[in-house]
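Report on the following structure.
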Amino acid sequence: MGKRILVTGGAGFLGSHLCERLLKAGNDILCVDNFFTGRKLNIAHLLDNPYFEILRHDITFSLFVEVDEIYNLACPASPVHYQFDPVQTTKTSVMGAINMLGLAKRLKIKILQASTSEIYGDPDVHPQPENYRGNVNTLGPRACYDEGKRCAETLFFDYYRQNQVKIKVIRIFNTYGPRMHPNDGRVVSNFIVQALKNEDITIYGDGCQTRSFCYVDDLIDGMVKMMNSRIDFTGPVNIGNPDEFSILELAEKVIDMTNSKSKIVYNSLPEDDPRQRQPLIDLAKKELDWEPRIKLKEGLVKTIAYFDKLLKGSD
Ligand code: NAD
Ligand code: UDP
């Protein structure tokens with residue numbers, strides 16, 4: 001018999017892939033989303049499944065349901081979206097965590113938190129191990145997200161120590177793939193959409209800053225493995241692909257793979273934009289027997305195909 005699993009943020013990019021994966025494994029899914037950045041289109045193909053249920057709800061408010069496990073993903077992840085209403089972003093991370101942890105405490109169930117590499121801020125340790133404490137500007141425009149996620153981690157570990165809640169914390173590094181929102185604002189979707197439309201590719205800064213990009217299927221494997229890992233393994237554990245690229249390299253790759261006529265233009269670098277980012281994944285390898293399998297080029301082929309179809313459909 002499958003489990004009844006609550007996925008918050010289930011209509012978003014990662015959440016929709018997670019719902020699909022958990023349904024395929026024979027579970028009963030309750031997807032909770034306020035549709036801030038999530039879309040019904042992401043989960044439309046699941047709506048006919050009798051084991052899939054969607055509830056429009058904002059997790060900053062209490063939720064009373066009966067489930068066996070919680071994946072807490074609700075939170076806008078793109079800088080453009082999380083900076084649109086920064087107070088709501090912090091509320092979602094902090095009050096959302098309190099509400100979901102309260103639910104896990106009452107039901108005595110496991111809860112997984114989708115934390116982020118952003119808790120390392122603009123890192124001066126490279127690559128980033130889990131015991132690195134980070135370099136976050138508490139006052140800057142990214143703080144609503146970074147500090148919200150840091151406080152959520154604190155809450156998870158306090159509920160673990162104080163109330164014996166069974167917690168699992170993963171720190172997700174830049175993940176991309178089909179079902180990213182075309183206006184999401186994140187670099188992979190921006191570059192692909194711009195290249196497919198033969199519009200200018202907007203590099204912020206000089207393009208020397210780096211990121212390490214993980215394909216969504218690999219990320220979901222790691223997330224599910226973490227939920228099912230030995231009960232006393234709380235994390236935090238980095239989940240990401242250690243292959244690191246500069247943003248300029250990414251732009252050139254996307255132009256090449258789409259045969260685009262786009263030109264690269266250089267815009268100003270947003271405040272506090274991290275200069276470098278690469279996960280150390282030794283802990284995930286050891287504890288979860290997990291490592292990413294999909295190379296950037298292979299993942300980009302699939303993602304480009306998705307956006308190509310989407311853009312042709314919206315003509
Ligand atoms: P996304 O924006 O596509 O999905 C977030 C979902 O949460 C959306 O469906 C949105 O409508 C929903 N949501 C936002 N606020 C809510 C609220 N108050 N109540 C209920 N639902 C709410 O982003 P994503 O890329 O799928 O990210 C999912 C999670 O993973 C986030 O918590 C994010 O911080 C984390 N994460 C993602 C990445 C990445 O590269 N994709 C990296 C690090 C961490
Ligand atoms: N970026 C860029 N052009 C874009 C969007 C983003 O050069 O059109 C840069 C951004 O400044 C950052 C990197 O790409 O250095 C990754 O940005 P993203 O918003 O995807 O994620 P994050 O900064 O949160 O890692």
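Counting starts at 1 for both ligands and their atoms, in listed order. Side chains included, hydrogens not; waters and symmetry mates left out as well; all remaining heavy atoms used. The structure presented is a predicted model; accordingly, all values stated were derived computationally and were not measured.
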Nearest protein heavy atom with distance in Å, relative to atom 5 (C) of ligand 1: Cys75 O, 3.2 Å
Same apolar cluster: Phe35 and Phe84, side chain cutoff 4.5 Å: no
Test of proximity, Gln194 against ligand 2: N or O pairs below 3.5 Å: no
Cluster check Ile172, Val224: I/L/V/M/F/W/Y, side chain < 4.5 angstrom: yes
Sub-4.0 Å atoms of ligand 2 with respect to non-hydrogen atoms of Gly185: 5 (C)
Option set Phe213, Tyr204, Tyr176, Tyr266, criterion heavy-atom distance to atom 1 (N) of ligand 2, minimum: Tyr204
Atom indices of ligand 2 within 4.0 angstrom of Asn190 heavy atoms, with elements: 4 (C), 5 (C), 8 (O)
Heteroatom distance test (Val187, ligand 2): nitrogen or oxygen, under 3.5 angstrom: yes
Contacting atoms of ligand 1, where contact means under 4.0 angstrom from a heavy atom of Ala114: 30 (O), 32 (O)
Per-residue contact class, His81 against ligand 2 - non-hydrogen pairs under 4.0 Å: neither
Within reach of ligand 1, part of Ser115 (heavy-atom separation under 4.0 Å): backbone
Part of Lys149 within contact of ligand 1 (heavy atoms, under 4.0 Å): side chain
For atom 38 (C) of ligand 1, closest protein heavy-atom neighbour: Ile172 CG2, 3.8 Å
Atom 11 (O) of ligand 1: nearest protein contact (heavy atom, Å): Asp33 OD1, 2.6 Å
Heavy-atom nearest neighbour in the protein, as seen from atom 19 (N) of ligand 1, with distance rounded to 0.1 Å: Ile59 N, 3.0 Å
Whether Asp184 side chain and Arg186 backbone form a donor-acceptor pair below 3.5 Å: yes
Short N or O distance, Thr92 and ligand 1, threshold 3.5 Å exclusive: yes
N or O pair under 3.5 Å between Thr60 and ligand 1: no
Full working for side chain to side chain contact (heavy atoms under 4.5 Å, CB included) between Cys31 and Phe52: CA-CA 7 Å; Cys31 165; Phe52 181 75; 3.7 Å; yes
Residue and atom name of the nearest protein heavy atom (relative to atom 31 (C) of ligand 1), distance in Å to one decimal: Leu73 O, 3.1 Å
For Asp58, the ligand 1 atoms whose distance to one of its heavy atoms is below 4.0 Å: 17 (C), 18 (N), 19 (N)
Ligand-side contact atoms (ligand 2) for residue partner Pro79, heavy atom cut-off under 4.0 Å: 19 (O), 24 (O)
Residues Glu287, Lys225: salt bridge by 4.0 Å N-O rule: no
Any Gly96 heavy atom less than 4.0 Å from ligand 1: no
Atoms in ligand 1 with a heavy atom of Gly9 nearer than 4.0 Å: 6 (C), 7 (O), 9 (O), 12 (C)
Atoms of ligand 1 close to Gly38 [distance to a heavy atom under 4.0 angstrom, numbered from 1]: 8 (C), 9 (O), 10 (C), 11 (O)
4.0 Å heavy-atom contact, Tyr82 with ligand 1: no
Single-linkage hydrophobic cluster Leu63~Val7, side-chain heavy atoms < 4.5 angstrom: no
Residue Asn174 vicinity, atoms of ligand 1 by number, heavy atom under 4.0 Å: 40 (O)
Minimum non-hydrogen distance to atom 13 (C) of ligand 2, winning option of Val193, Ile201, Asp184, Ile247: Ile247
Proximal ligand 1 atoms for Ala11, defined as those under 4.0 Å from one of its heavy atoms: 9 (O)
Close approach of Arg179 to ligand 1, heavy atoms, under 4.0 angstrom: no
Glu118 neighbourhood, listing ligand 2 atoms whose heavy-atom distance to it stays under 4.0 Å: 24 (O)
Taking atom 22 (C) of ligand 1 as the reference point, the nearest protein heavy atom with its distance: Asn34 OD1, 3.0 Å
Aromatic plane relationship, His181 with His81 - under 30° parallel, 30 to 60° tilted, over 60° perpendicular: perpendicular
Basic-acidic side-chain contact under 4.0 Å: Lys168, Glu69: no
Pro274 heavy atom under 4.0 Å from ligand 2: no
Within 6.0 Å of OH in Tyr160, more than 12 heavy atoms from elsewhere: no
Identity and distance of the protein heavy atom lying nearest atom 3 (O) of ligand 1: Phe13 N, 2.9 Å
Verify same cluster id: Phe13, Leu296 (apolar side-chain graph, 4.5 Å): yes
Contacting atoms of ligand 1, where contact means under 4.0 angstrom from a heavy atom of Phe35: 11 (O)
Short side-chain to backbone donor-acceptor contact, Asp122 and Arg275, under 3.5 Å: yes
Common cluster, Tyr306/Val301, ILVMFWY with side-chain heavy-atom separation under 4.5 Å: yes
Contact (N/O only, under 3.5 Å) between Arg186 and ligand 2: no
Closest approach of any protein heavy atom to atom 3 (N) of ligand 2, naming residue and atom: Thr202 O, 2.6 Å
Whether over 12 other heavy atoms sit under 6.0 Å from Arg133 CZ: no
Distance filter under 4.0 Å to Asn174 heavy atoms, resulting ligand 2 atoms: 21 (O), 22 (P), 25 (O)
Closest protein heavy atom (residue, atom, distance) for atom 39 (C) of ligand 1: Arg186 NH1, 3.3 Å
Donor-acceptor pair between Glu271 and Asn137 side chains, under 3.5 angstrom: no
Ligand-side contact atoms (ligand 2) for residue partner Ile203, heavy atom cut-off under 4.0 Å: 7 (O)
For His57, atoms of ligand 1 separated by under 4.0 Å from a heavy atom: 19 (N), 20 (C)
Closest approach of Ser212 to Gln278 (non-hydrogen atoms, all atoms of both residues): OG-CA, 3.3 Å
Heavy-atom gap Gln88 to ligand 1 smaller than 4.0 Å: yes
Ligand 1 to Thr116 polar contact by distance, N or O atoms, under 3.5 Å: no
Contacting atoms of ligand 2, where contact means under 4.0 angstrom from a heavy atom of Arg277: 22 (P), 25 (O)
Where ligand 2 meets Asp273 - atom numbers and elements under 4.0 angstrom, heavy-atom basis: 10 (C), 11 (O), 12 (C), 15 (O)
For atom 9 (C) of ligand 2, closest protein heavy-atom neighbour: Gln209 NE2, 3.9 Å
